Each structure stands twice: as C-alpha cells, then as structure tokens.
Amino acid sequence: QLDVLRRELAELVDPAHPRRICESCGAENDSRNGFCDSCGTPLASPVGHSAGQPLYGASAGRRRASTRIDLRVDRARSLSAEPTREALLGVLLAIGVALVQIVGLYVLLLIRWTVGAADAPGIGGLVGFVAAHGGAVFAKVPPVPELLGLGGSLKVDPPITSIALLPFVLMLAGSWVLSRRERGYLVFALVATVCYASILAVLAFLFRVTSDGEGAEITVSAVPLSAVVHGLLIAGLGTLVGLVAARGPFLPERARQVLRGALVAVGTSMILTVLLAMLILAQIAFLANPVEDLRQEGGSQPGKNAQPEGSQPNGGGLGDATGAVAGATGSAFALVPASVGTLWLLAHGLPVGLQNAPDLSGVPLIGKALEDVPLSASLLGDWPFAGTWRFLMLAPVAGLLLGGAFAAHGAPPSHRWRYGALIAIPYTIIALLTAILARLSVNFSAAALKLDFVLGASIAWALLVLPVAAGLGAAG
C-alpha cells in the first residue's frame with residue numbers, strides 16, 4: 001500500500017513523467033531509467049499508462065481496440081453465461097417438445113385405429129402435426145381424364161386453433177425448468193426457437209400424404225414457410241415467457257410497467273367484449289321469443305304419459321348423434337382463439353369479412369344474388385345487424401383507459417400521460433398479430449379459374465388502432 005501511495009504521489013507531482021518505484025528497495029526513479037539508481041535492480045516495464053498520462057499513436061489505437069473487444073465480450077457474457085452449453089440445451093428442448101407431441105399424436109391415432117374409428121396411422125400424422133401449429137396446407141390434383149383433363153390446387157391457411165396452445169405450454173414449461181436448473185439466457189431461447197421452427201420446416205418439406213380419390217390422385221402437404229413462421233411465433237413466445245419467469249425480467253422497470261399496462265388493456269377489453277356479446281345475444285334472443293309466447297307454448301306441452309311421435313332412436317342413431325356432438329364440441333373448442341380474436345377486433349371498428357374478394361356479380365346464374373350480399377361489415381360503417389352490437393366498442397375504450405392508468409402508476413406527474421400513451425405500441429402489435437393469426441386465407445386454382453380471398457379483419461385498418469390507443473392511454 002505504501003508503494004501505491006508513493007506512485008500516486010509521484011504522478012500527482014509530475015503527471016507527464018511519473019516516477020517509477022523499485023520493487024526491490026522501494027526507491028523512486030525517473031520514468032526513463034531502466035535500472036534502479038539505489039540498488040541497480042532492473043525496473044519493471046509499465047504494463048499500461050496511468051490515468052493522467054495521454055495516449056498517442058499506435059498505443060492509443062491498441063488501447064481503444066482492447067476496450068472495444070472487452071465491451072463485446074462483456075455484452076456476450078450478459079446474453080449468455082455458457083453459449084455452447086445453452087445452445088445444446090436449446091436444441092434438446094426443441095427436439096424433446098417435438099417428440100413428445102409426435103408420440104402423443106400417434107398414440108391417439110393408434111387408439112382410433114384399434115377401435116375401428118380410423119385407418120392405420122401413417123405419414124399423415126406428421127403432416128397433421130405440422131398443420132396443428134396453424135400453418136397452411138396445400139392440396140394438388142393433377143389433370144386426369146376422369147376430371148375432363150382439368151386439374152387444380154388449393155391452398156388453405158387456417159386461423160390459429162386451441163391445439164397450438166400445446167407446443168406453447170410445453171416450450172414454456174421446458175424453458176422454465178431448464179433455466180432454473182442450468183441458468184439459461186437469451187442464447188438458449190434463440191437456439192430453441194430456431195431449432196423448433198427448423199424441425200417443422202423439415203417435416204413440412206419432406207412428408208406429404210397422397211390419397212386416391214375417384215380416379216384422381218390428391219397430394220396434401222404442409223407449406224414450409226408458413227410452418228416456419230408459426231413455429232417461430234409459438235416457440236419464441238413460449239420460450240421467452242418461461243425464461244423470464246425463471247430468470248427475471250430483461251426490461252427496465254418503467255418499460256415493464258408500460259407492458260403490463262398494455263396487457264391489462266388487452267385482457268380487460270377482451271373480457272368486456274365477450275361479456276357484452278353474450279348480453280347482446282341474450283337480449284336479441286329474448287326479443288325474438290317473448291315470455292308470452294313461451295307461456296303459450298308451455299301450455300300446450302304433452303302430458304307425462306304422452307309418447308313422442310315416431311320411433312325411438314336406436315343405438316346406432318344414438319352413437320352417431322354422440323359422435324356428431326363430440327365433433328362439433330371439438331371444432332368449437334379449436335376455434336375459440338380465432339373467434340374471440342375476431343370479435344375483439346370487430347369491437348375496435350375494424351372491417352371484418354372477406355378481404356380482397358373478387359367481383360362476383362358477373363358469375364352466371366348466381367351473380368345478381370351475390371351482388372347485394374355484404375362481404376364485410378364494420379361497427380363504424382355499414383352494419384347489417386342489430387344496432388345494439390355497436391355497444392361492443394365500449395370495451396376497448398374502457399380497457400385502454402384502465403391500461404393507461406396502470407402504466408402511469410408510480411411515474412412522475414409530468415410524465416404520466418407519456419407512459420399511458422406508450423401502451424399503444426404493444427397494444428397495436430398485439431392487434432396486428434391477432435388480425436394475422438385469426439384470419440382464413442384460401443387460394444384456389446383450376447384451369448383458368450383463380451380465386452384468392454381472405455376471411456378476417458383488415459390488417460391495414462388495424463394500424464389505425466395506434467393513434468386512437470395512444471390518445472385513450474394518455475387520457476387514462
């Protein structure tokens with residue numbers, strides 16, 4: 001410590017030529033000396049420059065380059081503690097989640113084949129696994145004489161279903177467990193997401209189902225690019241949420257508060273939209289069937305011993321009815337995300353219906369009838385149904401006001417309106433993703449006939465949510 005104090009004192013006395021301290025006897029020497037004046041011991045060469053000594057020439061360049069390299073290394077270490085190990089864990093997580101789903105799907109297919117409800121499982125299970133993520137499916141029929149030499153293709157990009165929640169939950173749970181045990185960071189999340197999307201792309205590219213129709217061979221396959229996009233979105237969100245839950249947030253406190261406010265706005269507006277829609281449906285049903293009509297119908301009900309007309313349904317009919325109910329229930333459950341998302345976008349006043357639909361008035365026989373059919377509807381424009389549906393627009397207003405107040409909580413009074421308005425950015429991004437994922441697009445081509453239409457909300461109009469959300473958030 002005494003030598004350090006002497007060196008600092010020497011630098012303060014003469015900053016341009018600091019004194020060099022001999023490590024053997026502790027004597028002070030001129031900075032240009034190579035040996036100690038007292039004992040003759042060689043003086044150690046300076047490792048670097050002092051804080052007060054300027055840097056010139058190549059030495060300054062090397063010092064700045066070393067600083068930049070150290071900064072890059074520090075940033076890389078902040079993103080990942082052990083990049084190689086985390087990359088390997090990410091690959092294992094993606095492969096494990098994919099294998100669990102594929103094995104589970106084939107177990108269900110084997111059970112259905114055992115009970116005689118379906119054919120033996122084949123490659124179609126892999127195509128179904130990829131399509132379950134919401135990716136597009138492509139079907140092609142070559143020209144054959146049985147179809148008068150006409151062939152065609154059909155590409156269907158369905159909306160996201162509840163089945164896509166399974167890989168999301170599995171990636172979330174897997175990343176949460178591995179991050180808590182092995183200290184995973186962003187490299188782990190990035191590798192797991194890219195690897196999972198690559199697995200979907202490879203399966204979509206390699207496997208396809210070929211079935212023999214009535215003299216025509218139909219080939220069905222998943223579209224690799226659509227599978228990659230849905231895989232990146234589902235796996236990326238699941239892995240990041242699990243990583244944040246295990247390791248803590250990556251964003252600063254105010255940014256997290258704004259994000260929480262946006263999520264509060266989205267959740268509140270969705271819940272209010274569904275509740276208002278249920279109340280409106282109940283009100284419409286009540287007006288269509290007044291209590292007096294119900295009482296009159298109740299007075300003419302048959303007695304206890306009256307037998308219903310017709311024969312009782314047999315066991316086969318009951319089984320068919322049960323299967324139909326089960327199928328309808330499964331379809332309704334699968335379409336819950338798309339239905340709720342479309343209803344939520346409709347509450348914002350966005351046009352919902354057929355987008356980019358061709359002019360159907362020139363179609364023979366049915367063109368005149370289709371000319372007056374509304375292809376899209378908006379609560380702010382032409383709305384062909386009951387006017388009470390316009391009350392749905394109150395849900396986003398209430399949600400944004402509440403979300404803006406939540407985002408501004410704890411901020412300085414002069415900046416609260418700014419934090420409330422910032423929720424418009426994540427809110428609009430969520431609206432755009434909902435408009436993209438909750439839409440149905442169809443591309444049909446047969447000979448000279450080509451149809452390309454989209455059923456869902458308008459993405460261009462969804463961009464107008466940004467200024468409105470910013471104003472309501474700032475007001476909140």
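All residue numbers in this chain count up from 1 along the given sequence. Since we're looking at a predicted model, the values are computed, not measured.
With values rounded to the nearest 0.5 angstrom, Thr239 atom OG1 is found 9.0 Å from Phe168 atom CZ. In this structure, Leu335 CG and Thr342 OG1 are separated by 9.5 Å, a value rounded to the nearest 0.5 Å. Leu433 contributes atom CG, which lies 10.0 Å from atom CD1 of Ile160 (distance to the nearest 0.5 angstrom). We find the CG-CG distance between Leu346 and Leu379 to be 4.0 Å, quoted to the nearest 0.5 Å. Put simply, CG on Leu105 and CZ on Phe129 are 8.5 Å apart, with the number rounded to the nearest 0.5 Å. For the atom pair CG of Leu259 and CG of Leu422, the computed distance is 11.5 Å after rounding to the nearest 0.5 Å.
Qualifying side-chain hydrogen bond (donor to acceptor under 3.5 Å, both in side chains) partners for His409, counting only residues two or more places apart in sequence or in other chains: none. Partners of Val202 according to the side-chain contact (heavy atoms from CB on, under 4.5 Å) rule, which considers only residues two or more places apart in sequence or in another chain, are Leu206. Residues passing the ring pair (Phe, Tyr, Trp, His ring centres under 6.0 Å) test with Phe391, sequence neighbours excluded: none. With sequence neighbours excluded, the residues that form a side-chain contact (heavy atoms from CB on, under 4.5 Å) with Ala87 are Val191. Residues passing the side-chain hydrogen bond (donor to acceptor under 3.5 Å, both in side chains) test with Arg390: none are found, sequence neighbours excluded. Residues satisfying the side-chain hydrogen bond (donor to acceptor under 3.5 Å, both in side chains) test with Arg254, not counting sequence neighbours, are none. With sequence neighbours left out, Leu380 forms a side-chain contact (heavy atoms from CB on, under 4.5 Å) with Ser378, Met393. Residues meeting the ring pair (Phe, Tyr, Trp, His ring centres under 6.0 Å) test with Tyr427, sequence neighbours left out: Trp344, His348.
Across all their heavy atoms, Leu392 and Ala277 have their closest contact at CD2-N, 3.7 Å. Closest approach of Gln257 and Phe406 over heavy atoms only: NE2-O, 2.7 Å. For the pair Ala395 and Thr273, the tightest heavy-atom approach, listed with the atom from each and the gap, is CB-OG1, 3.2 Å. When all heavy atoms of Ala227 and Leu200 are compared, the closest pair comes out as O-CD1, 3.7 Å. Of all heavy-atom pairs spanning Thr193 and Leu232, the tightest one is CG2-O, 3.6 Å. Here the shortest heavy-atom pairing between Val130 and Ala204 reads CG1-CB, 4.0 Å.
Residue pairs meeting the side chain to side chain donor-acceptor pair (under 3.5 Å) criterion with at least one member in residues 93-109, sequence neighbours excluded, are Gln101-Tyr196. Each salt bridge (charged side-chain N to carboxylate O under 4.0 Å, His left out) pair with one or both residues in residues 264-275, not counting sequence neighbours, would appear here, but there are none. Legend: side chain to side chain donor-acceptor pair (under 3.5 Å) pairs involving residues 157-168, not counting sequence neighbours: none detected.
For Trp417, the CH2 atom sits in a loose shell: 12 or fewer heavy atoms of surrounding residues, nucleotides or ligands are nearer than 6.0 Å.
The side-chain heavy atoms of Leu203 and Ile102, taken from C-beta on, include a pair separated by under 4.5 Å. Trp389 has its side chain within reach of Leu281: a pair of non-hydrogen atoms, C-beta onward, lies under 4.5 Å apart. Between Ile423 and Leu263 the shortest side-chain heavy-atom distance does not fall below 4.5 Å. For the pair Thr84 and Leu88, the minimum side-chain heavy-atom distance is 4.5 Å or more.
Although no hydrogens or angles enter the test, the distance criterion places a donor-acceptor pair under 3.5 Å between the side chain of Ser269 and the main chain of Val266. Within the 3.5 Å criterion, the main-chain N or O of Leu172 finds a donor-acceptor partner in the side chain of Ser175.
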_Steps toward side chain to side chain contact (heavy atoms under 4.5 Å, CB included) verdict (His230, Leu437)_ = CA-CA 9 Å; His230 285 78; Leu437 295 177; 4.1 Å; yes

*Going through the checks in order, is the side chain to side chain contact (heavy atoms under 4.5 Å, CB included) test met by Leu394 and Leu272?*
CA-CA 8 Å; Leu394 296 176; Leu272 291 179; over 6 Å; no

*Apply the test side chain to side chain contact (heavy atoms under 4.5 Å, CB included) to residues Val97 and Leu93: give CA-CA distance (whole Å), side-chain angles for both, the deciding distance (0.1 Å), then the verdict.*
CA-CA 6 Å; Val97 170; Leu93 174 63; 3.9 Å; yes

_side chain to side chain contact (heavy atoms under 4.5 Å, CB included) between Thr268 and Ile271, worked out_ = CA-CA 5 Å; Thr268 303; Ile271 294 174; over 6 Å; no

Let me have the donor-acceptor pairs involving side chains of residues 457-476, under 3.5 Å, with sequence neighbours excluded, atom names and distances please.
{"residue": "Ser458", "atom": "OG", "partner": "Trp461", "partner atom": "N", "Å": "3.4"}

